[in-house]
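Shown next, in structure tokens, is the structure this report addresses.
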Amino acid sequence: MNSNLININNLSVNYGKTTVLEDINISIPRGEITVILGGSGCGKTTLLKSMLKLQPLAAGSIKIFNRNIKSSEFNQELKKIGMVFQNGALLNSITVRNNISIPLKHHTNLPDEIIDRIIISKLKLVNLEGAGHLLPAELSGGMKKRAAVARAIALDPVLLFCDEPSAGLDPITSASLDNLLIKLKQQLDMTMVIVTHELASVRRIADNIIFLHEGKILFQGSYNEIQNSDNRHIQEFFSSN
Amino acid sequence: MEISKKTIYLEDNLTKETVKNLYTNFKERPDNINIQKIDLNLVQTIDSAGVAFLDIIKDTSHYQPVLINADQNLLDTIDTFSVKSEKIPEKKRRPGFFENFGDSFLNSTNSFVASLYLTADIFYWTLRDLFSSKHRREGSIIQQSILIGVNAVGIIGLLSFIIGLILAFQSSAQLRQIGANIYIADLIGISMVREMGPMMTAIIVAGRSGSAFASEIATMKISEELDALRTMSINPIRFLVVPKFIAITICMPLLVTLATFLGIIAGLLVAVYYLNLSAVSYINEMFNFLTIKDEIIGLSKSIFFAWVIVIIGVYFGFKVTGGAEGVGKVTTKSVVVAIFAVIVLDALFSLFYLI
Ligand SMILES: Nc1ncnc2c1ncn2[C@@H]1O[C@H](COP(=O)(O)OP(=O)(O)OP(=O)(O)O)[C@@H](O)[C@H]1O
Ligand SMILES: [Mg+2]
């Protein structure tokens, strides 16, 4: 059986006439944390969005759980995927607690008592226990990010995408978020694809690293391997940090 | 699931799919308050719903049940998701009728006072801008005039023409019966110049531009653009509101004039084709009847309406809280309040001119 959860073949994505991703080939292994690195504007967010069917593909194909994402069966699988958007993307009109309850109420038939407890447990994991009753507009930038993480893991997804989860967090909170990701990987066998710029965080969590540059893949491998890469862009990225 | 000898035996998967039934069974058991041990020997997997269920078992029992026969990975997961019962918040009390009533009374008083301050601010900065052009953004007044005035010409012209037609048809039926056909000119003239022209224009401008003011400023506020302006030491009222204020003060009387004119033309058509009057007699009658005072009343009213519309739109824009949701709310509110205020103001004017 295939040990890769995601297979991307010859993927290209355009915005109008500009090509943002070009001829991407990636396989992402099950039960591991894959980190996507690359400069601002190189197409990381676009790559995540295209895996979630949020972006039309110009060419190539993406398979997740061995299903082509364009097939209609894939829509059922979306429930097993969580996504933390770069700007949080919380629903602004409802409280943090209700944001987290949405996937639970729509995709399970659990009794309210259990749902309430799951919500508190998820808020506890991101250190937001006291913030459940607040509206997103009443949270700080970093708190919004963490609330978004709590919503993304509400259903214990099999696959979790995070777009810069630790941007805007202090080093301590950022480290505890990394610990949470590692725990989820070990205990629930969750597969994760994470975009981040924090090298400290990369060192802690990454099993695999994918390096994007101007819409192309420059490197795919482990943390030690990428340190020894002789590519100019990669060396620049690591030495300037 | 099985309960015997104060031990609950769980098996297979404790996950979102299975927990609902287990929970229902568990709640129906009368002996669920006596559990002392939770046996997890046969449990394969657990997720956060499963852990929540275990927590419920623990909190239901009068003893403090312990987990037995669980392997380490299971215990780790339980440790990750488990929550102490005292962490679960109580539901909040809802405020009663009188509390709500008092609240909204205080709120509306405060809003009124705050909008007076805003009005003073706007007049102050407008006056200063009239005498120094240094801080004026180039072309901003013209741009606002196009948005508020030029772009509204079509809809305001069309609607007031239709209103003119309706008024003329409705009244001509009555006038005909008493043979007073010629008074259609007086009726249309006075109602278009003094009431319908200014009022219809104000309502349309409130819907088009008042809402745009509110949503523009509200959007800028929630995306911190207003804060950015302030840190650059630029007064948002001067930068954003004054051009709108000047533009609407110029445009509104012009729009009202257009509306009045088209309403009167509509009346003329009805007079000529339905009441068989001649165009000359219609116009003569109107000019004899209307005085310059009527025109002044109509136009001065329209300027007050314009100011009310800007102040209310801008006030709600600045007042926004929350995210994109808030923008929608204040926009709706600003239109409702502006139209209400225009009509109340119109009623006050009518009283005022009676005396
Ligand atoms: N909606 C859009 N329309 C047009 N172009 C877009 C759009 N979104 C992104 N782009 C372009 O696509 C490119 C990649 O954007 P993307 O958001 O994927 O970058 P990123 O790697 O996530 O950057 P960052 O680290 O700053 O978040 C950029 O050059 C951007 O200008
Ligand atoms: Mg991005």
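In what follows, every chain begins at residue 1, and chains take the letters A, B, ... in the order their sequences are listed.
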Query raised in the report: Which heavy atom of Asn92(A) sits nearest a heavy atom of Ala324(B), and at what distance?
Result: ND2-N, 4.1 Å
**Report entry** Over 12 non-hydrogen atoms of neighbours within 6.0 angstrom of CZ in Phe101(B)
**Finding:** no
Query raised in the report: Side-chain contact, heavy-atom cut-off 4.5 Å: Asp76(B) with Gln186(A)?
Result: no
Requested in this report: Look up atom CG in Asn109(A) and atom NZ in Lys16(B), then write down how far apart they are to the nearest 0.5 Å.
Outcome: 11.5 Å
**Report entry** Per-residue contact mode, Ile119(A) against chain B (heavy atom under 4.5 angstrom)
**Finding:** neither
Query - Within residues 34-44 of chain B, residues adjacent to chain A where the heavy-atom gap is under 4.5 Å - result: none
Query - Asp55(B), Val51(B), Leu54(B) screened by side-chain contact (heavy atoms from CB on, under 4.5 Å) with Arg117(A), the one that passes - result: Asp55(B)
Report task. With a 4.5 angstrom heavy-atom cut-off, could you sort out which part of Ser93(A) is near chain B: side chain, backbone, both or neither? Result -> both
Query - Part of Leu74(B) within contact of chain A (heavy atom distance under 4.5 Å) - result: neither
Query raised in the report: For Glu2(B), does the CD atom have more than 12 heavy-atom neighbours from other residues, nucleotides or ligands under 6.0 Å away?
Result: no
Query raised in the report: Do the side chains of Phe81(B) and Leu125(A) get nearer than 4.5 Å, heavy atoms only?
Result: yes
Query raised in the report: Just wondering, do Val83(B) and Lys122(A) contact through their side chains at under 4.5 Å, heavy atoms?
Result: no
Query raised in the report: Okay, side chain of Asp156(A), backbone of Asp47(B): is any donor-acceptor separation there less than 3.5 Å?
Result: no
Report task. Report the distance from atom CG of Leu110(A) to atom OG of Ser48(B), rounding to the nearest 0.5 Å. Result -> 8.5 Å
Query - Spatial distance of atom CG (Leu188(A)) from atom OG1 (Thr77(B)) [nearest 0.5 Å] - result: 5.5 Å
Report summary line: Looking only at heavy atoms, the pair that brings Ala49(B) and Ile114(A) closest together is O-CG2, 4.0 Å
Query raised in the report: Within a reach of under 6.0 Å around NZ of Lys221(B), are more than 12 heavy atoms found that belong to other residues, nucleotides or ligands?
Result: yes
**Report entry** Over 12 non-hydrogen atoms of neighbours within 6.0 angstrom of NZ in Lys333(B)
**Finding:** no
**Report entry** CG/Leu106(B): more than 12 non-hydrogen atoms of other groups inside 6.0 Å
**Finding:** yes
Query raised in the report: Taking Lys124(A) for the side chain and Ser82(B) for the main chain, is one N or O donor matched with an acceptor at less than 3.5 Å?
Result: yes
Query raised in the report: Mind checking which of residues 158-166 of chain A sit less than 4.5 Å from chain B, heavy atom to heavy atom?
Result: none
Query raised in the report: Are there more than 12 heavy atoms of other residues, nucleotides or ligands under 6.0 Å from atom NZ of Lys58(B)?
Result: yes
Query - Contacting moiety of His133(A), where chain B heavy atoms sit under 4.5 Å - result: side chain
Report task. Please determine, among Thr15(B), Thr80(B), Val19(B), the option with the most heavy-atom pairs under 4.5 Å with chain A. Result -> Thr80(B)
Requested in this report: Take atom CD of Glu73(A) as the centre, draw a 6.0 Å sphere, and report whether it contains more than 12 heavy atoms from other residues, nucleotides or ligands.
Outcome: yes
Query raised in the report: At a heavy-atom separation under 4.5 Å, does Leu155(A) approach chain B through its side chain, its backbone, both, or neither?
Result: both
Report summary line: Among Pro111(A), Ala154(A), Ala137(A), the residue with the most heavy-atom pairs under 4.5 Å to chain B is Pro111(A)
